Protein chains: 2
Amino acid sequence: MLTLINNQDLSRLNRQEQILVTSLRLFTERGYFNTSIHDIQRESKVSIGSIYHYFKNKEGIARALFTGLVASMDEGMDRIDSQYASAHDRCRAVLAWLMELTRRSPAVMQFILYARHREFLPDEKPICSSGPFLKMKEMVKRGMDEGEIRRMDVTVASAALYGGAIRMIHLALDGVLVRPLESYLDDVWSCAWRSVAMGGEGEGRWGAEKAPA
Amino acid sequence: MLTLINNQDLSRLNRQEQILVTSLRLFTERGYFNTSIHDIQRESKVSIGSIYHYFKNKEGIARALFTGLVASMDEGMDRIDSQYASAHDRCRAVLAWLMELTRRSPAVMQFILYARHREFLPDEKPICSSGPFLKMKEMVKRGMDEGEIRRMDVTVASAALYGGAIRMIHLALDGVLVRPLESYLDDVWSCAWRSVAMGGEGEGRWGAEKAPA
DNA sequence: GTCTATACCACGATAGAC
DNA sequence: GTCTATCGTGGTATAGAC
């Protein structure tokens, strides 16, 4: 789904994909309720008949986008999980990846993080209870068990560790940052890790890419 | 405006206030676009004619709520600003107040923090550029100038200091916290302050209510 | 599968009596 | 100021030809 969204050339996609890509753009630009089926028809160049052939209704389009993108993020978390050895490196990689995603596909981040899904997907769980977010929390928990992260309520630790970056992403999506989002990564991470890391001085035992001797 | 919202007894309010209180509740329960004028009429027991007597249109109701609540929060920030001497105490008081507000008037926090105002108030600035949020940032800046907070990008420091608490508030509004929001304050604050405070050990020079000798 | 034309309805907003 | 009744628009979704 993520590769689909990043695809620039609408004409190379099939009908169903054209509908999804166009809808995501319109939903994030104007909001779900400010986007009519006629808008989607006009901008995707797919007829209304075809739209209702592929999707039960407007809500169905939103649901397909939501579940597809959440699944993509879930895979991303799994990839990170298997690629890094310490909680420190894993969580940092998550932040880096979320920031990269925000640059490459702002609409995706906006749709995942920002939209009030409950308003148009009444049966969907809140985003914070979805797979990728639970995995982020799980990484924090493992960090505690393995002694990298101070013992405390896992929810609080997750909020502290990821909260700052998520705020920066919101600010980026709102267009109020003066520099590119990713240029803040080092500073954001430094603050985030300090807030939960075991020990007291600076970035601590796990602060540097290579731990001191 | 905040005292108005906290008022439980709808019948003691005048027409205009009944409309505002009911609208805020419906907007946050179902979302702005899922709330019709007829819904507001039905639940507020104020006729449609009266609604349009007091407000230009539906958007006008939302705008009145938004500007009123932002102004209330702005006053709250001013009160805190004048009441505490250090950045440490001021910022902590802000978190405590935001959490208290979330408990006492969840609809207010939801409307301020969560709603996608741009979708129904096209001319409004993003919430992060509004008065109270700028004041929160200003507190951080002063903390840097006075040596309590490490020198760094002010936006990053603000995101780090407030981001964790804001995430916890979101979780509380989504109903996924197991304990009352305010019971997490100490831990949330401890993490937040560590992330930006000058010095390294524990809560640092400014960590305790009374600084050590 | 793809399209056009259209049915149907809910909504925001107004008119006008009291 | 407050109300009821109603209008017109624009939206979702369907029917049915190709």
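Computed from a predicted model, the values in this text were never measured in an experiment. The basis for the numbers below is simple: all heavy atoms, side chains too, and nothing from hydrogens, waters or symmetry mates. In the text below, chain A, chain B and the rest are named by the order of the sequence lines, each starting its count at 1.
With distances taken from any side-chain atom of B:Arg15 to the nucleotides C:dT2, D:dC3, C:dG12, the minimum falls on D:dC3. Side-chain atoms of B:Ser47 lie closest to D:dC3 of the nucleotides C:dT4, D:dC3, C:dG12. Of the candidate nucleotides D:dT14, D:dG1, C:dA13, C:dA13 has the atom lying nearest to any side-chain atom of B:Lys58. Checking D:dA5, C:dC3, C:dT2 against the side-chain heavy atoms of B:Ile48 singles out D:dA5 as nearest.
Rounded to an integer number of Å, the gap from CG of B:Asn57 to C1' of D:dT9 is 16 Å. Summarising the geometry, the separation between CD on A:Gln41 and P on C:dG1 is reported as 20 Å, rounded to the nearest angstrom. Separating the CD1 atom of A:Ile37 from the C1' atom of C:dA5 is a distance of 16 Å, rounded to the nearest angstrom. Straight-line distance from the CZ atom of A:Phe33 to the P atom of C:dC11: 12 Å, rounded to whole Å. For the pair A:Lys45 NZ and C:dG1 C1', the interatomic distance rounds to 20 Å; values are reported in whole Å. Note: OH (A:Tyr54) to C1' (C:dG1) measures 6 Å, nearest angstrom. Rounded to a whole Å, the CZ atom of B:Arg42 is 13 Å from the P atom of D:dT4. Atom OH of A:Tyr52 and atom P of D:dG11 are 12 Å apart (whole Å).
Using a 4.0 Å cut-off between charged nitrogen and carboxylate oxygen, A:Asp81 and A:Arg142 count as a salt-bridge pair. Checked for salt-bridge contact, B:Arg79 and B:Glu75 miss the test: no charged N lies under 4.0 Å from a carboxylate O. Taking a cutoff of 4.0 Å between a charged side-chain nitrogen and a carboxylate oxygen, A:Glu29 and B:Arg116 do not qualify as a salt bridge. Checked for salt-bridge contact, A:Arg92 and A:Asp186 meet the test: a charged N lies under 4.0 Å from a carboxylate O.
Side-chain nitrogen and oxygen atoms of A:Ser50 include at least one within less than 4.0 Å of the OP1 or OP2 phosphate oxygen of C:dC3. Neither OP1 nor OP2 of D:dT2 sits under 4.0 Å from any side-chain N or O of B:His53.
Remark: DNA chain D takes part in the stems C:1-18 with D:1-18, each of 3 or more antiparallel Watson-Crick or G-U pairs, criterion distances under 3.5 Å.
Here the side chain of B:Lys141 pairs no donor or acceptor atom with the backbone of B:Met136 at under 3.5 angstrom.
A side-chain N or O of A:Asp39 and one of A:Ser36 form a donor-acceptor pair less than 3.5 Å apart. For the residue pair B:Asp174 and B:Tyr114, a side-chain donor N or O sits within less than 3.5 Å of a side-chain acceptor on the partner.
Nucleic acid contact for A:Ser36: sugar-phosphate only, since backbone atoms but no base atoms lie under 4.0 Å from a heavy atom of the residue.
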